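See below for the structure under consideration.
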Amino acid sequence: MIAQIPFFGLDPKQIDKKWVEAGYGLEANIFDGKSFEETDYVKTFKRTLDYTKQLEPSLLTLHFPTDNADYVHEAHIKDRLLHFAELADVYGAKGIIVHANQFMSVEEFQGYDLEGNRRKVIEFFAEFDEELKGTDIWIGVENLPIIGNLGEDFDPIFIYPEDFEELIQLGLKHIGITWDLCHWAITYQTHLSSSLMFRNEKLRYPDFFQFLSLKDSIKHYHFSSFCQLAFPHGGVRCFEGRHPTEGTIDETLLRQATEMLKEIHRGDGTGIVFEVMEEDYTQRKESWRTLEWFGGASDEDQKRP
């Protein structure tokens with residue numbers, strides 16, 4: 001597997017050259033669809049990708065915005081997703097990561113047609129797969145946590161492994177899955193904590209490793225731990241991007257999962273992005289710490305001239 005770190009696609013200063021020189025990969029992320037409205041967005045993104053390409057990372061992926069980026073219902077956002085695919089082709093990015101981007105409040109979710117809307121999103125990807133003909137680019141559709149980090153919204157389309165079943169059954173050439181272990185850990189721990197809270201074993205999600213049933217369709221991974229669980233009206237924030245030794249979920253589960261993944265993807269070039277929080281994204285201390293935990297380079301590697 002190839003370890004990657006994410007960076008803001010409009011800020012090349014966040015790219016750690018030592019990381020790339022050590023043989024690892026990068027993921028360029030545009031976080032918010034509002035960035036598309038900025039006057040110099042295209043020029044700045046291309047300039048950053050020009051710089052990235054010159055560094056020759058072992059793997060480059062692009063992450064499409066999550067916020068304000070409903071490509072299913074808004075034609076101009078879909079155009080931006082197509083533009084992402086064009087940029088990936090030009091700059092040698094292997095894949096593009098997307099969320100379903102169907103966010104709603106707790107109240108809106110009460111009357112939501114989940115199955116019908118999931119089908120609509122899947123139909124979008126079936127059409128998008130056709131538009132990617134002639135390229136080698138993959139789209140990694142990412143799972144999200146059971147609830148947002150503030151406990152006040154949902155993007156419920158792709159959370160559990162079974163949510164991807166209809167998409168997988170289509171056998172699309174370019175469309176696969178990006179599995180986020182942090183998001184899955186939040187979902188799993190929410191079920192586990194609820195079962196303990198209400199003393200009801202039926203509420204416990206049965207198997208942390210169930211996501212491995214998707215392994216033949218997973219193109220890519222995201223990884224970190226998290227602190228605290230968010231519940232509706234609970235007033236507690238969930239913080240993603242924690243080092244595995246400092247998170248709420250049992251570190252042993254994350255260790256077992258990553259060892260399984262390294263064995264499954266031994267030598268096949270699959271990427272795993274360390275989405276860990278840094279105090280300063282131009283000084284990647286936590287990324288290197290996570291790499292060492294993962295079994296990669298030691299802290300000394302980042303001190304190389």
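Bear in mind the structure is a predicted one, so any value in this text is a computation, not a measurement.
When each of F208, W184, Y160 is checked for a ring-ring contact (aromatic ring centres under 6.0 Å, His included) with H191, only Y160 meets the rule. The only option from S213, P161, S217 that meets the side-chain contact (heavy atoms from CB on, under 4.5 Å) definition with I168 turns out to be S217.
A salt bridge links K13 with D11: the distance from a Lys NZ or Arg NE/NH1/NH2 to an Asp or Glu carboxylate oxygen falls below 4.0 Å. A salt bridge links E263 with R266: at least one charged nitrogen is closer than 4.0 Å to a carboxylate oxygen.
Residues F164 and F158 bring their aromatic ring centres within 6.0 Å. Aromatic ring centres of Y281 and F7: separated by at least 6.0 Å. The aromatic ring centroids of F209 and Y188 lie 6.0 Å or more from each other. With ring centers used as reference points, H99 lies 6.0 Å or more from F64. Ring centroids of W179 and F211 are separated by less than 6.0 Å, placing the two rings close together. Checked against the 6.0 Å centroid threshold, F31 and F8 count as a close aromatic pair.
Rounding to the nearest 0.5 Å gives a distance of 7.5 Å between CD of E275 and CD of E240.
Note that K262 lies in the cation-pi zone of F294, set by a 6.0 Å cut-off to the ring centre and a 45° limit from the axis.
Nearest heavy atoms, S287 versus F274: O-CD1, 4.1 Å. Summarising the geometry of I146 relative to I159, their closest heavy-atom pair is CA-CD1, 3.9 Å, with the distance given to 0.1 Å. Smallest separation of non-hydrogen atoms from I15 and L26: CG2-CD1, 3.8 Å.
Between F45 and F84, the ring planes are tilted. Angles from 30° to 60° get that label.
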